[in-house]
**Student:** 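Structure below; questions to follow.
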Number of protein chains: 2
Amino acid sequence: MDGQTVLLRARVQTSRAQGNKMVFLNLRQRIDSVQALLTVTPEKVSKQMVKWAASLQDESIVLVEGVVKKSPEIIKSATVGDVELHLSQIHLIAGLEGRLPFTVEDAARPDTEIETNEEVQYKRVLLDTRLNNRVIDLRTQTNQAIFKLQHGIGHFFRDYLDAQGFIEIHSPKLQGAATESGASVFKVSYFKGSAFLAQSPQLAKQMAIAADFERVYEIGPVFRAEDSNTHRHMTEFIGLDLEMAIEEHYHEVMELLDSLFKHMFASLRETYKNEIDTVRRQFPADDFKWREGPEGTLRINFRQAVDFLVEDGVPREVLDDINTENEKRLGRIIKAKYDTDYFIIDKFPMELRPFYTMPDPEDPTVTNSYDFFMRGEEILSGAQRIHDPTLLAEKMRSKGVEPESMAFYVDAFKMGCPPHGGGGIGLERVLMLFLKLNNIRRASLFPRDPKRLEP
Amino acid sequence: MDGQTVLLRARVQTSRAQGNKMVFLNLRQRIDSVQALLTVTPEKVSKQMVKWAASLQDESIVLVEGVVKKSPEIIKSATVGDVELHLSQIHLIAGLEGRLPFTVEDAARPDTEIETNEEVQYKRVLLDTRLNNRVIDLRTQTNQAIFKLQHGIGHFFRDYLDAQGFIEIHSPKLQGAATESGASVFKVSYFKGSAFLAQSPQLAKQMAIAADFERVYEIGPVFRAEDSNTHRHMTEFIGLDLEMAIEEHYHEVMELLDSLFKHMFASLRETYKNEIDTVRRQFPADDFKWREGPEGTLRINFRQAVDFLVEDGVPREVLDDINTENEKRLGRIIKAKYDTDYFIIDKFPMELRPFYTMPDPEDPTVTNSYDFFMRGEEILSGAQRIHDPTLLAEKMRSKGVEPESMAFYVDAFKMGCPPHGGGGIGLERVLMLFLKLNNIRRASLFPRDPKRLEP
């Protein structure tokens with residue numbers, strides 16, 4: 001575009017006067033930035049104009065007109081490094097009131113640069129400060145890129161499932177009864193009574209299968225009233241849920257989910273190369289690895305996962321369940337053994353799964369259920385569900401849930417329901433682990449946790 | 001497929017024995033049905049098998065194998081009328097426990113047929129009975145078609161906006177403060193304090209614009225604590241929301257929204273012809289009409305809308321606002337005058353709009369805001385928003401909202417925000433009005449209203 005005149009709206013990331021006749025501006029639009037310069041000329045640009053431009057506060061929004069010029073050398077401070085803009089006009093569209101809590105430049109700097117640079121003492125912007133001023137924090141090129149990938153995950157999820165004959169449903173988040181288990185639900189004042197916030201669309205999507213929808217998915221908020229203050233828990237997150245009728249074996253569902261993930265991973269890598277590189281500059285990470293060849297995704301049974309951990313030195317007595325720490329350890333073992341960041345554990349024990357999980361017909365101590373993992377953290381939990389109302393009622397009672405308390409759910413199976421299964425994916429977890437952001441709050445636009453309800 | 005052998009899973013909609021050697025089954029899959037017959041043959045089908053098949057309860061799920069045969073005459077009781085299946089095998093996949101509250105056939109019958117048929121006294125299934133047993137009700141071919149269209153609306157909404165450079169966001173439904181106005185929000189117990197359910201993603205999507213996302217949309221639940229028991233109100237519904245930066249004039253937003261609607265209407269009509277016809281059989285309606293030619297969508301100002309109503313005999317004194325009844329009347333006037341079911345009203349008075357609405361710079365008694373209508377009912381409300389923090393604070397105070405109570409929102413504009421506007425669409429309203437379903441509950445999978453929290 002060398003020589004062309006352009007008109008554009010952008011943020012002033014920085015402005016720097018050079019003498020009293022010239023000012024350099026770093027102009028930013030989402031994940032890109034370009035260097036612009038305004039120089040006093042007899043016809044168009046006055047001294048006052050240059051002075052005014054040099055005094056523009058960082059983060060002001062301006063409308064500029066200028067000519068694109070090939071730059072004699074690559075400009076390292078801008079993402080578009082091979083050209084610069086020679087401005088003829090500049091107008092203020094929106095200024096600032098008050099001071100910025102931190103600069104976008106400071107917010108975008110990788111920790112490694114802060115730690116290793118001995119000449120400059122950079123300001124480190126803490127996560128809490130960022131989240132308190134999320135609107136500024138989100139302006140970094142890193143965050144602009146992160147949320148493009150978030151958009152991409154939802155897009156590829158739907159695209160894949162649409163092509164497989166699924167339809168999107170929207171199930172209510174307001175529930176008449178506390179669902180799935182007595183604990184961990186938020187209570188809502190509902191006119192003269194109470195309601196509860198759905199902790200997943202589990203019941204509704206199974207009822208959609210009983211209602212003949214065959215294959216359904218939902219993207220929507222799920223609510224967890226757990227007082228967990230960890231790097232990977234939020235009280236509200238986005239669930240990517242699906243449920244489908246089974247023809248012969250629950251591995252039909254597991255295989256569809258596996259293909260779905262591989263489609264999402266490959267599409268992200270292809271479509272968002274630039275964005276992934278942008279995030280890497282602030283959050284260095286190895287490429288996310290999965291097995292793409294004919295050998296297929298690594299699948300192991302729960303028992304085998306336990307054996308791997310025992311071989312690695314974990315006492316078998318503590319492995320009735322695999323806790324977060326051992327999950328990560330397992331991830332490292334598998335990465336070393338099989339060179340993959342993505343794998344499936346099948347056949348979880350009955351006592352670890354909710355009442356609606358189908359027991360294995362050949363071994364009733366285990367279930368037809370699976371979890372999927374990325375970089376040693378769980379990102380999907382799923383299973384074949386019980387479609388027989390008698391077995392369902394029995395399992396509910398054995399887990400301490402009265403079938404009568406969820407009559408509308410149990411009734412759905414009394415009216416005839418095909419065998420079915422599904423799973424629920426945490427959107428922010430997939431995003432966090434694909435990019436290795438290390439804290440789920442970075443993968444959520446305005447995160448909610450037990451201590452945070454704003455902004 | 002004449003002569004081919006097929007294997008399929010389906011519901012038994014009805015079974016009818018003919019003597020003791022033959023049984024006719026109406027087999028249903030989602031919006032389609034086919035006639036099947038099982039006849040005693042020396043090799044394959046025993047008398048016992050035919051007797052068993054004749055005794056199958058309606059709504060049982062069976063797996064059948066059979067040969068497709070061209071039917072000598074069109075079978076009217078099935079949607080696939082030109083063939084029938086000659087079965088060789090039939091297996092029960094899922095039976096029923098107890099009796100159906102009503103049959104799917106009864107649930108699918110149009111009211112007109114019940115009223116005009118004098119020979120048979122059909123059972124009328126009331127809306128409340130349907131909703132109490134929604135899983136059965138949803139199995140009608142009508143409902144299967146309705147929710148395919150619901151899926152379609154979301155799909156076309158995203159498709160169009162993705163192509164226009166929008167990204168999808170997910171904003172939190174749990175809010176620290178009651179937003180937008182003091183009334184009409186649900187209160188949630190949040191650990192030791194309280195939270196509120198978002199009555200729209202308004203604040204979050206504007207903050208996303210202040211955070212440089214430029215063009216965003218969201219599809220998600222919105223919550224309204226109004227005790228409105230009407231045909232068009234629910235306490236939870238799906239909002240299709242968007243927000244975008246404006247370059248020169250707020251009509252950029254209005255025109256994009258208009259193009260979006262026309263894209264959705266045309267795509268629905270093209271993609272879902274069969275489904276629309278299926279719904280029509282139960283809910284007769286004229287085709288939904290909009291102006292597709294170069295003349296464009298009909299747009300009138302609020303003042304002109306009032307004049308139309310006055311000309312039609314409504315006293316001007318009652319027209320400070322246009323109530324539901326007058327909205328419908330206006331719809332009829334415009335349909336008669338311009339032959340369209342779809343139009344836009346622009347320039348609403350300041351006192352009818354929320355505090356964040358941008359006043360018209362040329363006439364501060366009116367605003368840069370618009371509503372969109374389908375068949376005389378509002379389906380979108382939108383506007384240019386105030387991006388100047390001083391003006392925003394002033395308007396908040398004049399509407400009785402303390403800016404300090406929403407500091408995180410006002411602060412977003414203090415940090416510089418481009419001019420922007422947007423709108424919010426009610427998904428279920430669009431679906432209800434496009435198909436003329438006459439009650440919004442029919443456009444929601446599991447509707448919620450002040451009196452209904454289940455199923």
Side-chain angles (χ1 to χ4, degrees), chain A residues 9 11 30 59-61 93-98 100 135-136 138-139 144 147-148 151 154 167-176 186-191 195 197 204 207-208 210-212 214 220-221 227 235-236 238 247 387 389 408 412 414-418 445-446 448 450 453-455, chain B residues 9 11 30 59-61 93-98 100 135-136 138-139 144 147-148 151 154 167-176 186-191 195 197 204 207-208 210-212 214 220-221 227 235-236 238 247 387 389 408 412 414-418 445-446 448 450 453-455:
Chain A
R9 174 169 51 78
R11 292 266 178 200
R30 308 198 62 187
E59 293 301 301
S60 300
I61 302 173
I93 289 187
L96 273 71
E97 205 173 275
L100 288 168
V135 165
I136 311 297
L138 287 171
R139 290 182 193 164
Q144 293 291 319
F147 290 94
K148 279 185 111 168
H151 166 94
I167 75 162
E168 184 175 21
I169 58 167
H170 301 283
S171 69
K173 305 310 154 203
L174 291 166
Q175 307 270 2
F186 288 114
K187 194 172 175 178
V188 182
S189 300
Y190 198 77
F191 303 101
L197 291 179
M207 288 161 73
D212 285 355
E214 290 285 330
D227 196 2
T235 49
E236 178 178 351
I238 297 297
E247 300 305 333
H387 61 283
F408 65 91
K414 291 187 181 163
M415 299 297 111
C417 180
L445 198 64
F446 297 110
R448 294 295 183 254
L453 275 168
E454 282 182 358
Chain B
R9 174 169 51 78
R11 292 265 179 201
R30 309 198 60 186
E59 293 301 301
S60 299
I61 301 173
I93 288 186
L96 273 72
E97 207 174 275
L100 289 167
V135 165
I136 312 295
L138 287 171
R139 291 182 193 164
Q144 293 291 319
F147 289 94
K148 277 184 109 167
H151 166 95
I167 75 161
E168 184 176 23
I169 59 167
H170 301 283
S171 69
K173 305 310 152 202
L174 291 166
Q175 306 269 3
F186 288 112
K187 195 172 174 179
V188 182
S189 301
Y190 198 78
F191 303 100
L197 290 179
M207 287 161 72
D212 285 355
E214 288 285 330
D227 197 2
T235 48
E236 178 177 352
I238 297 297
E247 300 304 334
H387 62 281
F408 65 93
K414 290 187 181 164
M415 299 298 112
C417 180
L445 198 64
F446 297 110
R448 294 292 182 257
L453 274 169
E454 282 182 357

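Just so we're on the same page: letters track the sequence lines, and every chain starts at 1.
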**Student:** Among B:Ser60, B:Pro172, B:Pro418, B:Ala412, which residue forms the greatest number of heavy-atom pairs with chain A at distances under 4.5 Å?
**Tutor:**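 Maximum pair count with chain A is reached by B:Pro172.
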**Student:** Contact part of A:Leu174 toward chain B, heavy-atom cut-off under 4.5 Å: side chain, backbone, both or neither?
**Tutor:**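 Its backbone and side chain both get close to chain B.
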**Student:** Just give me the residue among B:Pro455, B:Ala211, B:Gly220 that pairs up with chain A most often, heavy atom to heavy atom, under 4.5 Å.
**Tutor:**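 Option with the top pair count is B:Ala211.
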**Student:** When heavy-atom pairs shorter than 4.5 Å are enumerated against chain A, which of B:His387, B:Glu214, B:Arg9, B:Glu59 gives the highest number?
**Tutor:**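 Among B:His387, B:Glu214, B:Arg9, B:Glu59, the one with the most close pairs to chain A is B:Arg9.
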**Student:** Who among B:Ala94, B:Ala195, B:Ala210 has the most heavy-atom pairs with chain A under 4.5 Å?
**Tutor:**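 Going by pairs under 4.5 Å, I would pick B:Ala210.
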**Student:** Mind ranking B:Val135, B:Asp212, B:Leu138 by heavy-atom pairs under 4.5 Å with chain A and telling me who comes out on top?
**Tutor:**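 Between B:Val135, B:Asp212, B:Leu138, the count favours B:Asp212.
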**Student:** Quick check on A:Pro221 against chain B: is it the side chain, the backbone, both or neither that has a heavy atom closer than 4.5 Å?
**Tutor:**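 The answer is the side chain of A:Pro221.
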**Student:** Look at the rings of A:Phe191 and B:Phe186 and say which category their plane angle falls in: under 30° parallel, 30 to 60° tilted, over 60° perpendicular.
**Tutor:**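 Correct class here is perpendicular.
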**Student:** Among B:Asp227, B:Ile167, B:Ile93, B:Leu445, which residue has the highest count of heavy-atom pairs closer than 4.5 Å to chain A?
**Tutor:**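 Maximum pair count with chain A is reached by B:Ile167.
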**Student:** Heavy-atom distance under 4.5 Å to chain B: side chain of A:Ile238, backbone, both or neither?
**Tutor:**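 Contact with chain B: side chain only.
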**Student:** Please evaluate residues A:Arg11 and A:Arg30 with respect to the criterion side chain to side chain contact (heavy atoms under 4.5 Å, CB included), reporting the C-alpha separation (whole Å), side-chain torsions for both, the decisive distance (0.1 Å), and the verdict.
**Tutor:** CA-CA 9 Å; A:Arg11 292 266 178 200; A:Arg30 308 198 62 187; over 6 Å; no
**Student:** Heavy-atom distances under 4.5 Å only: say whether A:Ile61 touches chain B with side chain, backbone, both or neither.
**Tutor:**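 The answer is the side chain of A:Ile61.
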**Student:** Pick one of side chain, backbone, both or neither for A:Arg139, based on which atoms fall under 4.5 Å of a heavy atom in chain B.
**Tutor:**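 Contact with chain B: backbone and side chain both.
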**Student:** Under a 4.5 Å heavy-atom cut-off, does chain B meet the side chain of A:Ser189, its backbone, both or neither?
**Tutor:**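 Interface part for A:Ser189: both.
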**Student:** Could you tell me which of A:Leu96, A:Thr235, A:Leu453, A:Ile169 has the largest number of non-hydrogen atom pairs under 4.5 Å with chain B?
**Tutor:**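 Most heavy-atom pairs under 4.5 Å with chain B: A:Leu453.
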